[in-house]
Amino acid sequence: MRNSFLILACVVTALTTACERTANDQQQSSSDEIQGSISVSGAFALYPLMNVWAEEFRKEHPKVKINISGGGAGKGMADVLAGATDLGMFSREIKPEERDKGVWWVSVAKDAVVPTISDKNPILSQLKKEGITRGELINYFLKEGNETWKNSSNKVSVFTRSDAAGAADTWAKYLGADSQEAIKGVAVYGDPGLAEAVKKDPLAIGYNNVIYAYDLTSGKKYPGLEVLPIDINGNGKIDVEEDFYHDIHSITAAIADGRYPSPPARELYLISKEKPTDPLMVTFLQWILDSGQNFVQENGYILLSDEVLTTQKNSL
Amino acid sequence: MIATRLYQEHLRSVWMRIALGLIVILPIAIGLSLVYKSWPLLQPNELFTNLLSTEWSPVQGKFGLWPFICSSIIVSFIGLLFMVPVCLSAAIFITQFAPAWLSRSLRSIIDILAGIPSVIFGLWGVITIVPMVASLAVAYGATNTTGYSILAAGLVVSFSVSPYILNMLMELFESVSTDLKESALALGASYWQVIKDVLLKKLRPGIIAAFTLGVSKTFGETIAVLMVVGNMVKVPEGLFSAGYPLPALLANNYGEMMTIPRYDAALMLSALILFMIVLVFNLLARTLVNHYYTKL
């Protein structure tokens, strides 16, 4: 028995030294090539773009592993603060309490939240012609009552997000409320979940990040889903300058030049517990703000203005 | 040589005690840390206003937990309502009527069901149960016709929990000796009478215990429920109205609690309530099982 223990001990020691040696060798042989792993979680808004970034970054640095999971902005913040992930994807304003905790952030792109309805809505063509005013949206989303669709007896089914989400928070801000809890309605988990729920109910109204309302490959809205145009000047019809919802290019152009209001347009951030010092993280973030920006538009997001981008680079 | 063996023996017994200690300490540690974290809201006057208030607005510091507690209880109750007849009949069929080959394959189906992660039950609920409930709600003229409701949650939860209950029930039915059944049959009882008047009567405490454990499991079922229940902060008014059970509250808001003052205490309090409910149900089941074994 004692012998077997001894042998086991020897084997373990031999194995660990061997491993250490190969690790050292590797580090020496490829000191110019960065390696390691980065974990990211958080906002669904940034999730698709983050996947593209990770893939492209890995083409240049194949030894880097990047693990990405969704879960909403709130999860991103909680994970980063708890030290569970290196980076959090974040899609709403950072609250003073969060600043006090020393959270560090960098803006990486822009996008917007748009009101969505089902394409089977009984008064769809009227809605597309007349649009909806902010006042009507406030009535639907913030008042607890049995609101009906314009000039019809059809009751509105209001859907919102159940998880702590940047989209929900931004939407609440647009409607003049201070947080996501103010939005009434049936709450569904996740951005894709919300889109799915809205698609299935002809009388539904919800809201989605642009990237979950439009299909990137075709540029069109996802089948079943319609984006409800906002009547910004409130004149009861969608004017030419308010009409930019046909495809992803026209809506992102409108967000970029400010024709689409902000909020619901907003900046998207990456956050970390404190200013990153790890060379791998710094390289990755620099890459995102530099060559990574080439992938922003083609993936349905909006570029930050040059000055904002320069400020972000300097903050690193 | 003997010294080493004694030493090894000693090591083994010490390790086993440590392992056992860990298991025993775990629930106590969880309970205590929940109490510690929810302490700011555990002061008597605070506690009662929070437990019985229906106002939930963390930003304004209002933490009324009543809608969540109600939703939890109602969803579990609806789940139980569906589980009792289905599980009981299925267990009786598998253990008393089914031929050996069928019983074997049915058992493996139940094992597969037990192994399916609850998120899949939730997803399936969204795809199948929610639209079904929605058309029912329209037919009954309910105010919430989206289908996301406590009824959908109860149905989904009953599906995801029933494999566990079935396993417990089957074991129970098999524990009855054939002698007992044979003597009842010899007295002229029909097979169904034997099941109804002998088996069910004899096993009643055990059956109740199995369902009690099942209910405590439904209380904790998080993801499946959260996906279909609608997550609306209000006391459910009917089968078709949306609800917001305690575990869903925890899972949805775990991100926000870090930033809003006293929010973490409120969420920890809801976790503590959930913990207490499960504890009580387990004790209840335990007492029933003990009662049953002493009678045996």
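Letters A, B, ... mirror the listed sequences (proteins, then strands); counts begin at 1. Just so you know, these numbers come straight off a predicted model, no measurement behind them.
- For B/Ile127, the part lying under 4.5 angstrom from a heavy atom of chain A is the backbone only.
- Ring orientation note: the planes of B/Trp56 and B/Tyr263 are nearly perpendicular, at an angle over 60° on the 30°/60° scale.
- Note that B/Lys217 lies in the cation-pi zone of B/Tyr164, set by a 6.0 Å cut-off to the ring centre and a 45° limit from the axis.
- The parts of B/Thr146 that come within reach of chain A are both its backbone and its side chain, each placing non-hydrogen atoms under 4.5 angstrom from that chain.
- Side-chain contact between B/Val215 and B/Phe77 is absent, with no heavy-atom pair separated by less than 4.5 Å.
- Contacts between B/Val126 and chain A at a heavy-atom distance below 4.5 Å involve backbone atoms as well as side-chain atoms.
- By the 6.0 Å and 45° rule, A/Arg161 does not stack over the aromatic ring of A/Tyr189.
- In this structure, no portion of A/Ala204 lies under 4.5 Å from any heavy atom of chain B.
- The candidate with the highest count of non-hydrogen atom pairs below 4.5 Å against chain B, out of A/Leu203, A/Val188, A/Val186, is A/Val186.
- For residues 55-80 of chain B, every residue pair satisfying the salt bridge (Lys or Arg N to Asp or Glu O under 4.0 Å) rule, not counting sequence neighbours, is listed here: B/Glu55-B/Lys62.
- The residue among A/Pro96, A/Ala187, A/Gly190 with the most heavy atom pairs within less than 4.5 Å of chain B is A/Ala187.
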